[in-house]
2 protein chains.
Amino acid sequence: MAAIRTARERAREELTREIKDEARRQLGVEGAQQLSVRAVARELGMASSALYRYFPSRDDLLTALIMDAYIALAESATSAVAQAQARAQATAGGADLGQASPGRAAAGRAAAHEAAGLGARACWRAFCGAVRDWAREHPHEYALIYGTPVPGYHAPQETIELAVRLPLALLDVVRPAAGRLEAPAGRPVPPVYSTQLASIAAQYAPELPQAALARVMVAWTQLFGMISFELFGHLAGSADPADEFFAYSVEQMADFVGLPTGA
Amino acid sequence: MAAIRTARERAREELTREIKDEARRQLGVEGAQQLSVRAVARELGMASSALYRYFPSRDDLLTALIMDAYIALAESATSAVAQAQARAQATAGGADLGQASPGRAAAGRAAAHEAAGLGARACWRAFCGAVRDWAREHPHEYALIYGTPVPGYHAPQETIELAVRLPLALLDVVRPAAGRLEAPAGRPVPPVYSTQLASIAAQYAPELPQAALARVMVAWTQLFGMISFELFGHLAGSADPADEFFAYSVEQMADFVGLPTGA
DNA sequence: ACTGAAACGAGAGCACTGCTCTTGACTGCC
DNA sequence: GGCAGTCAAGAGCAGTGCTCTCGTTTCAGT
């Protein structure tokens, strides 16, 4: 689409991408704090002032990287879930969808709906594992979106719309199993939190009991506490090679949420 | 102690403290990224070069603030636990320790031992609440120790010795209830994680079953996932006033660990 | 009490940063 | 073909972390 453009527009788009690529490269080497507009321009063989025609400020460049990171992480997680979903369907016999289509995210969400929770636990594992893997492969980009926010930086609306994709993908994993959650009733939810949960449920998961949603919230925050601790070095003295700690905790949280223990 | 010192030593100590105070003030205003050696020196009416006689580099100044933050947070949590412990003992009748001694941390740890888990759940609440309160009162200092690590900064040994104080305080809360944990057996712990847990247990909590320790690890990471999400704005669309979400989740994790539901 | 050494504060200076403004060259539409 | 809009480049500003030097002050050993 839009292949008919002026040479100037195409050049601008390409250069914008090159700037982001180079900035992402520098980000991976030294972190966000050391990302320098001048260094990016230098590496690209252009004057630093020219770069300001593409990104009005350093923060805008960072914002672009943040948005890309949100997209990449959500894409990684949803495609991992889709793969797990396809595998589960294949082994379950109803293999109308070959496992050779791992790609698209939207397909994964649709498939999760259709199969009505077949292999929800496998999808849960895939989701959590994919988030952790992406975080370990792109630690600085993870830090950009889930670490300390840059000072004085207020996320624009577009950013938080991208940020919400990942929790929605997690809800997509849990929703199909909504009818078969094996969790104890639990304690009554206090009023304010109850209305907050009701608002979420109304928008995104009407069939999910409120207590289950509250448990997903706990698991959701636990996942990122765990990953952040691993990446930021807070597991040094305890669970330093964190693979088994992570896998075991993911399983514990699946139990906690009440996901059926089947394959 | 050590009141007999030269005037130079006393001046150095005092100026060191003033530098840290001013740096902490600037940290609270704009965050670690904006902390400037020159600005600190300017505010103190001295040349920036003079400040380098007290802290060899900006990172060393940050390290000092990090260590102070670890100490302050652990102090805050342990004293809150001690207060809760005292209250529980007072209401239980065995009021040999008046509730008017909230101060010292060591006293709190000792008291937690003696009472053999009386009101462990109240202590759990106090611990989690104190950590959250401190984080909300000192967001930038919290970000300093639990947010994105500064690039190229490798924590010196002294720092991680301070960092371990807080999880040990949490173990002090759980340990007295070790015999009365009401949690299901759970799944078998994989080998590597098992040895990691055994190493922790051997050092700090021999009487705690391994499964219980694994559950504490989950709760421990969940707590910081929750606090980081709140402070860093990731609860914006969901549980934005996070008070009830936090309190409810803390209670859920107490259930998860198996703490008795008594007062 | 005197002296040499260590510590100290101040200032200049280096290399770097984000960002702005001006200048001149180029592109693409009318 | 002209002309408005876009572009890259350079100079420059105010700020940064940090180093070096230069006098001064303070402490400790004799």
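The chains referred to below are lettered A, B, ... by the order of the sequence lines, with proteins before strands, and numbering in each begins at 1. No hydrogens, no waters, no symmetry mates; every other heavy atom, side chains included, goes into these values.
In the set C:dC19, D:dC18, D:dT26, D:dT26 carries the atom at the smallest distance from any side-chain atom of B:Arg8. Distance from the side chain of A:Ala47 is smallest for D:dA9 among the nucleotides D:dA9, C:dT17, D:dA28. Considering only side-chain atoms of B:Leu15, the nucleotide from D:dG10, C:dC19, C:dG9 that sits closest is C:dG9. Closest contact between the side chain of B:Tyr52 and the listed nucleotides D:dC18, D:dC20, C:dC19 involves D:dC18. Distance from the side chain of B:Arg53 is smallest for C:dC8 among the nucleotides C:dC8, D:dT16, D:dC7.
The nearest whole Å value for the distance from the CG atom in B:Leu51 to the P atom in C:dC8 is 12 Å. Distance, A:Gln33 CD to D:dT16 P: 14 Å, rounded to whole Å. One atom, CE of B:Met46, and another, P of C:dG11, lie 12 Å apart when rounded to the nearest Å. If you take CZ of A:Arg10 and C1' of D:dC7, they are 17 Å apart, rounded to a whole angstrom. At whole-Å resolution of the value, CD in A:Glu43 and P in C:dT17 are 12 Å apart. Between B:Glu9 atom CD and D:dT25 atom C1' the separation is 16 Å, expressed in whole Å. For the pair A:Arg12 CZ and C:dG28 C1', the computed distance is 16 Å after rounding to whole Å. Put simply, CD on A:Gln26 is 10 Å from P on C:dG18, counting in whole angstrom units.
Nucleic acid contact for A:Leu35: sugar-phosphate only, since backbone atoms but no base atoms lie under 4.0 Å from a heavy atom of the residue.
DNA chain D is contacted by both B:Ala7 and B:Arg58; B:Arg58 maps to the nucleotide lying nearer its 5′ end (nearest heavy atom per residue).
Between the base of D:dG10 and the side chain of A:Ser49 there is a donor-acceptor pair shorter than 3.5 Å.
Under the rule for a side-chain contact (heavy atoms from CB on, under 4.5 Å), the partners of A:Ala219 that lie at least two apart in sequence or sit in another chain are A:Trp124, A:Met253, A:Val257.
Of the side-chain N and O atoms in A:Ser57, none sit less than 4.0 angstrom from OP1 or OP2 of C:dG18. The shortest distance between the side-chain N/O atoms of A:Arg38 and the OP1/OP2 oxygens of C:dC16 is not below 4.0 Å. For the pair B:Arg42 and D:dT16, the criterion of a side-chain N or O lying under 4.0 Å from OP1 or OP2 is met. A close approach under 4.0 Å does not occur between any side-chain nitrogen or oxygen of B:Tyr54 and OP1 or OP2 of C:dA7. Phosphate proximity of D:dC27 to B:Thr6: present, with a side-chain N or O under 4.0 Å from OP1 or OP2.
Comment: A:Arg165 does not engage A:Asp172 in a salt bridge, judged by the lack of any side-chain N to carboxylate O separation of less than 4.0 angstrom. Under 4.0 Å is where a charged nitrogen must lie from a carboxylate oxygen, and between B:Glu9 and B:Arg12 no such pair does.
When only modelled atom types and interatomic distance are considered, B:Ser57 and B:Asp60 share a side-chain donor-acceptor pair under 3.5 Å.
B:Arg24 places a side-chain heavy atom less than 4.5 Å from the side chain of B:Leu65.
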Would you tabulate the side-chain donor-acceptor contacts of residues 220-227 of chain B under 3.5 Å, counting partners in other chains and residues two or more places apart, or write 'none'?
{"from": "B:Thr221", "atom 1": "OG1", "to": "A:Gln222", "atom 2": "NE2", "distance (Å)": "2.9"}
{"from": "B:Thr221", "atom 1": "OG1", "to": "B:Met217", "atom 2": "O", "distance (Å)": "3.0"}
{"from": "B:Thr221", "atom 1": "OG1", "to": "B:Val218", "atom 2": "O", "distance (Å)": "2.9"}
{"from": "B:Gln222", "atom 1": "NE2", "to": "A:Thr221", "atom 2": "OG1", "distance (Å)": "2.9"}

